[in-house]
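Working notes, beginning with the structure itself.
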Amino acid sequence: VNARRVVVLVLDIVLLAAVVGFFVWQSSRSDAGSSGASTESEQARVEGSTAAGKRKQAREVRRALLKLARNPDALVADASRSKVGKRARRAVPRGSKVTPVQRTWSPDGTGGGTMTVKIKAPGKRQVAYAAVMVREAGGWKVLATIPVANP
Amino acid sequence: VTARVGGWRAWVALGLLVAMLGLGARTLIVHADGARAEVTKCPGVDLAPRLASDRGTPSTQTLDARGRYVPIVVVHGWTSRSTHNRGRSGAFSHLIDLSDTVGRKPAAQRSLIGQLQKIPGAAVYTFDYHDLSAQWVTHERLGPALGKALDCLYEKSGEKVIVVAHSMGGLIARWAVTHDADGGGRRSEHVSTVVTFATPQTGSLLAKLADGVIDSSPQLVVLRIILADCGRRTARKFETGTICDFLPDFMQAFRTPSGDALQAGSPQLKALDPFPKDVTYLDALAGETTLKVPEYVGWFETPLTRDVNIGDIVVMQDSAIDHSSAHTVAHCAYQLNAVRAQTDQIGLTLGQVSQQDVAQPLWKVFGPCFHSNLMRTERLTNEATAIIAEDISKRRPVATQQTPLTATADPDDKLPTCSEYGDMEPGQKDVVLRRMQEDHNDTLPRFVVKGSVLAYCALNPGRHIDGIYAPGSHAPDGGSGPLPLCSAWRDLDDVASDAALLRLARQRGDAKPDIHALRLVVGVYCKFKPDHRIDDSPGG
């Protein structure tokens with residue numbers, strides 16, 4: 001009986017420790033999430049300040065923008081989510097041809113930057129945009145765009 | 001003498017003598033009637049010298065009619081300086097040469113400090129913390145040091161102090177004014193007026209951006225686009241002659257303790273108390289730049305906005321005017337175009353909205369509404385001067401005791417002619433009218449004087465505005481020659497115009513002409529008959 005009580009007690013302690021551990025782990029995860037944006041931006045800022053880092057970012061941003069045609073919703077930055085809503089697909093219609101211009105990548109010194117991207121939607125003329133890119137959750141997202149006119 | 005006494009020892013002795021005399025010398029304020037008073041010296045602040053190139057500024061500061069002076073302390077913004085010297089690199093030392101009225105170029109006669117030094121009874125002091133710009137306002141050599149200086153100036157002058165501050169200087173003033181004086185009592189009772197230029201009372205969005213905060217507000221999106229364009233420009237050329245020579249420095253500076261605190265909604269800002277009500281006037285001056293984007297800022301085909309207000313680029317207008325008793329804003333509007341060059345690079349051009357056909361390189365015209373340039377902007381500096389002049393003039397017992405500044409007035413500093421007056425900004429007109437009333441001991445309400453000048457100037461465009469006081473003829477006699485046509489007479493200066501009227505009176509046999517009546521009668525006649533001679537007027 002005593003041995004069984006000891007086993008139950010140990011199991012209770014282990015269970016309690018697991019519950020407490022789980023909450024501590026969750027808490028630390030959410031803390032990391034809130035400061036994550038800032039840390040990630042800072043890393044991207046430092047990286048973009050060197051020539052090699054800038055080239056690497058340009059390749060990454062180009063790859064990210066190429067996903068626009070397939071899944072534009074995945075490219076919406078968290079901060080723009082409420083404004084874009086469910087209109088990402090309407091913003092980049094299905095069947096659009098997306099052409100990012102890698103050499104136009106220009107870091108903004110705050111962890112983001114701009115790159116020209118040309119969109120040719122079916123039945124419409126091609127439009128060039130300056131896409132304002134930010135780094136989020138390990139990838140590059142589009143914060144906003146501004147149409148780029150021909151000079 | 002030194003040469004005869006012999007060699008370098010004599011020069012050293014002479015140098016020491018001069019140095020000793022210099023150390024013992026006292027700085028004096030000179031009263032208009034020649035009375036002198038010693039300038040107050042307080043730790044942390046320096047009396048601003050008078051710069052020769054500040055036109056119309058008296059050779060030294062003057063006491064007011066009571067024999068007193070009011071200390072004005074200027075506090076620079078973040079990373080800047082207050083020091084006032086010939087280099088004019090201080091925040092308040094640059095000549096006032098910018099206007100937010102498109103096409104207007106002010107005459108650039110003096111700096112803001114020079115303008116304040118013109119106010120009878122004003123003594124301008126500078127508070128400089130340049131080397132500690134990275135620190136927050138609670139640092140002992142910032143807020144507490146300014147507080148001590150304010151206590152000292154109040155105690156020694158017996159007058160409530162006026163503070164003029166730019167950017168973070170306004171937050172330093174806010175800290176100082178909201179804390180008790182060292183000797184006890186509320187320090188806010190020792191300060192009458194605070195004028196702030198672009199103080200981020202609730203923080204700066206640019207600081208937020210510098211901290212890596214991702215925000216989709218149109219302001220921050222446009223600032224990111226501008227910064228990216230700056231990155232491209234400065235990569236090619238170190239000095240671009242555009243705002244890009246400044247903006248990245250601001251961003252860099254934001255990565256300091258004070259930069260963290262300047263973020264909109266930071267705990268440090270929240271911990272600062274608002275200006276208390278004892279400070280009778282908190283006048284906030286701000287810049288507001290509207291960028292009109294020809295196409296939408298949006299998310300590809302999803303449009304979001306076209307007009308983006310970016311404040312003075314560093315501080316948004318709502319932050320700069322928060323909790324103020326009054327505010328004045330310089331407005332600038334530009335059309336921002338994102339263009340694609342042949343190399344497919346994104347470039348930005350900026351054209352003034354009313355001159356859209358003239359495309360400008362980005363921020364080549366970043367003048368009057370940019371954060372660091374507000375103290376060069378005519379509208380805002382006039383407002384600051386008018387508020388301060390009013391504060392000081394209210395302290396005088398009665399206007400009739402005001403002594404004209406004949407002893408120190410600059411001969412070039414005449415009141416304007418009617419035409420010059422007509423070209424002035426409203427705030428500048430008020431300053432001129434106030435000075436003219438003081439010169440003539442005129443206590444009539446300002447609107448009456450304004451109306452009189454309006455009527456007088458409609459009839460006498462070439463005359464000085466103080467012609468409303470009919471001071472008698474400016475010409476010793478009428479001289480000889482034919483009488484002019486009305487159109488020519490209206491453009492004559494004071495002396496030539498009065499000479500023509502005296503000739504007219506002589507021809508009519510008027511031995512004791514009333515020159516003022518003649519100005520008005522001929523003025524009215526000539527207003528309607530510009531191609532007639534002045535003697536064709538009724539009865540002529």
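The figures that follow rest on heavy atoms only: side chains count, while hydrogens, waters and symmetry mates do not. Below, read A as the first sequence line, B as the second, and so on, with proteins coming before strands; counting in each chain starts at 1.
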Subject >> B:A228 backbone acceptor or donor facing A:T114 side chain under 3.5 Å >> reply: no
Subject >> Minimum heavy-atom distance B:L227-A:D108, with the two atoms named >> reply: CB-O, 3.4 Å
**OP:** Step through the shown structure and confirm whether more than 12 heavy atoms of other residues, nucleotides or ligands are within 6.0 Å of CZ on A:R94.
**Re:** no
Subject >> Contact origin within A:R45 toward chain B - heavy atom pairs under 4.5 Å >> reply: side chain
Original post:
Given a strict heavy-atom distance threshold of 4.5 Å, which part of A:V76 is in contact with chain B: side chain, backbone, both, or neither?
Top reply: both
Subject >> Region of A:V132 in contact with chain B, defined by heavy-atom distances below 4.5 Å >> reply: side chain
Subject >> Engaged part of A:K124 at the chain B interface, taking heavy atoms whose separation is under 4.5 Å >> reply: side chain
Original post:
Hey, is the main chain of A:A79 close enough, under 3.5 Å, to the side chain of B:S216 for a donor-acceptor pair?
Top reply: yes
**OP:** Measure A:A88 against the heavy atoms of chain B and call it side chain, backbone, both or neither at under 4.5 Å.
**Re:** both
Subject >> Pairs of heavy atoms under 4.5 Å with chain A: top-ranked of B:V221, B:L223, B:L220 >> reply: B:V221
**OP:** Report the distance from atom CG of A:D78 to atom CG of B:D215, rounding to the nearest 0.5 Å.
**Re:** 12.5 Å
Subject >> Under 4.5 Å from a heavy atom of chain A, the part of B:V293 involved >> reply: side chain
Subject >> Results of side chain to side chain donor-acceptor pair (under 3.5 Å) for B:N309 - residues two or more places apart only >> reply: B:T290
Subject >> Trace of the side chain to side chain contact (heavy atoms under 4.5 Å, CB included) decision for B:I214 with A:L143 >> reply: CA-CA 8 Å; B:I214 297 170; A:L143 185 64; 3.8 Å; yes
Original post:
Are A:V127 and B:F300 close enough that some pair of their side-chain heavy atoms sits under 4.5 Å apart?
Top reply: no
Subject >> Within-4.5 Å side-chain heavy-atom neighbours: A:K83 and B:P218 >> reply: yes
**OP:** May I ask you to check whether A:R90 and B:T302 show a side-chain donor-acceptor distance below 3.5 Å?
**Re:** no
Original post:
Looking at B:L206, B:L209, B:V213, which hits side chain to side chain contact (heavy atoms under 4.5 Å, CB included) with A:T110?
Top reply: B:L209
**OP:** Side chain from CB out, backbone as N, CA, C, O: work out which of these in A:P147 comes under 4.5 Å of a heavy atom of chain B, or both, or neither.
**Re:** both
**OP:** Report yes if some heavy atom in the side chain of B:E301 is under 4.5 Å from a heavy atom in the side chain of A:Y129; otherwise report no.
**Re:** yes
